[in-house]
Amino acid sequence: MKCSWDKLCQDKGWIIDGDRADTLAIFAHGAGANMSHEFMETMAQDLAGKGIQVLRFNFPYMQANLVDGKRRPPDRAPKLLAHFREQLELAYGAFEPKRIVLIGKSMGGRMASILSEDSELMNRCRVSHLICLGYPFVPLKGGEPRLEPLQLSSLPILVIQGERDKFGTQENIESWDMPESVQCRYLTDGDHSFKPRKVSGTSIEANMAQAVAYAVEFIKV
């Protein structure tokens with residue numbers, strides 16, 4: 001859509017999907033792909049088709065990557081969180097939705113969960129729910145699962161995870177002590193990007209549609 005706040009959208013580099021709605025979803029990308037990646041675009045547009053307006057943004061290192069074409073690793077967590085907070089506060093002030101939902105893909109979900117520990121910020125900006133798409137429970141180099149951000153969050157959380165996600169499979173997750181505020185939904189044979197194997201009998205399109213259905217059901221409770 002054409003944003004009514006053209007200058008702010010242009011200055012911040014936001015992509016807005018859908019018409020103005022009671023619910024605004026702020027959607028943060030993962031470590032390796034920016035806000036325009038096919039996964040981000042598909043999810044955002046499908047949610048917009050369900051009546052949820054979506055705002056996508058790039059973290060600072062991705063903004064720099066787009067300027068000179070160089071590939072950079074993610075910024076450290078404090079910088080990511082400060083930027084995420086800025087986007088949330090600006091979006092709330094500009095759009096004044098009845099409620100905001102935070103959505104994050106992988107690293108974006110982890111940053112969203114850490115940010116949601118700030119209950120004062122969540123209340124002030126009317127944030128009601130958090131959705132993590134492919135949450136990075138376990139670092140690829142190994143280690144303890146990153147459960148603390150989910151345990152400390154002030155929001156109800158939905159984790160949508162591929163059954164065989166290398167960052168945390170369904171079997172892994174079901175063996176951990178998850179807080180009652182966290183719901184987990186699984187996508188058939190999905191990997192970290194929700195893509196199933198051909199032998200599974202399903203498709204990436206079906207898994208993405210199921211992810212959207214889970215998200216809409218959760219948001220509209």
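As the structure is a computational prediction, the values presented were derived from the model and not from experiment.
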Where [X] and [Y] come nearest, the two heavy atoms and their spacing:
| X | Y | value |
| --- | --- | --- |
| Ser113 | Pro149 | OG-CB, 3.2 Å |
| Pro74 | Ala31 | CG-CB, 3.7 Å |
| Phe57 | Ala28 | CZ-CB, 3.8 Å |
| Cys184 | Met178 | SG-CE, 4.1 Å |
| Met62 | Gly32 | CE-C, 3.6 Å |

| Under 4.0 Å between a Lys/Arg side-chain N and an Asp/Glu carboxylate O for Glu96 and Arg126? |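 Looking at Glu96 and Arg126, the cut-off is not met.
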
Compare all side-chain heavy atoms of [X] with those of [Y] and state whether any distance is below 4.5 angstrom.
| X | Y | value |
| --- | --- | --- |
| Pro60 | Lys79 | yes |
| Leu90 | Lys12 | yes |
| Leu55 | Leu24 | yes |
| Glu205 | Gln210 | no |
| Ile160 | Tyr186 | no |
| Ile100 | Phe95 | no |
| Phe194 | Leu133 | yes |
| Met208 | Ile204 | yes |

What pairs with [X] under side-chain contact (heavy atoms from CB on, under 4.5 Å), at least two apart in sequence or on another chain?
| X | result |
| --- | --- |
| Leu66 | Asn34, Asn58 |
| Thr202 | Thr188, Pro196, Ser200, Ala206, Asn207 |
| Val138 | Pro145, Trp176 |
| Glu38 | Thr42 |

| task | Quickly, which of Lys220, Gln53, Arg99 forms a side chain to side chain donor-acceptor pair (under 3.5 Å) with Thr23? Name it, please. | result | Arg99

| Residue from Pro136, Ser193, Cys132 passing side chain to side chain contact (heavy atoms under 4.5 Å, CB included) with Ser106 |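 With Ser106 as partner, Pro136, Ser193, Cys132 yield a single side chain to side chain contact (heavy atoms under 4.5 Å, CB included), made by Pro136.
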
| field | Positive for side chain to side chain contact (heavy atoms under 4.5 Å, CB included) with Ile103, one of Val54, Leu47, Leu130 | value | Leu47

| query | Can Val127 and Leu155 be said to form a side chain to side chain contact (heavy atoms under 4.5 Å, CB included), step by step? | reply | CA-CA 8 Å; Val127 182; Leu155 301 176; 3.6 Å; yes

| request: May I have the step-by-step check of side chain to side chain contact (heavy atoms under 4.5 Å, CB included) for Arg56 and Trp14, ending in yes or no? | output: CA-CA 6 Å; Arg56 290 181 269 159; Trp14 291 342; over 6 Å; no

| Any residue meeting ring-ring contact (aromatic ring centres under 6.0 Å, His included) with Phe27, in chain and number order, not counting sequence neighbours | none

Under the side-chain hydrogen bond (donor to acceptor under 3.5 Å, both in side chains) rule, collect the residues that match up with [X], sequence neighbours excluded.
| X | value |
| --- | --- |
| Arg146 | none |
| Arg124 | Glu89, Glu120 |
| Glu174 | Gln170 |
| Asn123 | none |

How long is the straight-line distance from [atom2] of [Y] back to [atom1] of [X], given to the nearest 0.5 Å?
| X | Y | atom1 | atom2 | answer |
| --- | --- | --- | --- | --- |
| Thr169 | Asp191 | OG1 | CG | 13.0 Å |
| Glu163 | Asp165 | CD | CG | 11.0 Å |
| Leu158 | Arg185 | CG | CZ | 6.5 Å |
| Ile131 | Ile219 | CD1 | CD1 | 3.5 Å |
| Leu121 | Ser116 | CG | OG | 9.5 Å |
| Asn65 | Lys70 | CG | NZ | 10.5 Å |

| task | Go through Leu150 and Phe137 one step at a time and tell me if the side chain to side chain contact (heavy atoms under 4.5 Å, CB included) criterion holds. | result | CA-CA 10 Å; Leu150 303 179; Phe137 284 98; 3.7 Å; yes

| message | For Asp68, is the CG atom crowded, meaning more than 12 foreign heavy atoms sit under 6.0 Å from it? | response |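 Yes, because the 6.0 Å sphere around CG of Asp68 holds more than 12 heavy atoms from other groups.
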
| Under 6.0 Å from the CD atom of Gln45, do we count more than 12 heavy atoms belonging to anything else shown? |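 Counting other residues, nucleotides and ligands, CD of Gln45 exceeds 12 neighbours.
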
| said: Looking at Tyr135, is its backbone amide N or carbonyl O close enough to the side chain of Gln161 to form a donor-acceptor pair, meaning the two atoms are under 3.5 Å apart? | reply: yes

| message | Under a 3.5 Å distance rule, please check whether His29 uses its side chain to pair with a backbone N or O of Phe59 as donor and acceptor. | response | yes

| field | ILVMFWY clustering at 4.5 Å (side-chain atoms), partners of Met35 | value | Ile15

| message | Set out, in order, the CA-CA distance, both residues' side-chain angles and the distance that settles side chain to side chain contact (heavy atoms under 4.5 Å, CB included) for Leu115 and Met111, then state yes or no. | response | CA-CA 6 Å; Leu115 190 66; Met111 292 302 108; over 6 Å; no

| request: Could I get the full list of salt bridge (charged side-chain N to carboxylate O under 4.0 Å, His left out) partners for Arg197, not counting sequence neighbours? | output: Asp189

| Do Gln87 and His83 have side-chain N/O donor and acceptor atoms under 3.5 Å apart? |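 Indeed, the side chains of Gln87 and His83 share at least one donor-acceptor pair under 3.5 Å.
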
| task | Could you note down all residue pairs passing ring pair (Phe, Tyr, Trp, His ring centres under 6.0 Å) where residues 143-172 supplies at least one of them, sequence neighbours left out? | result | Phe167-His192

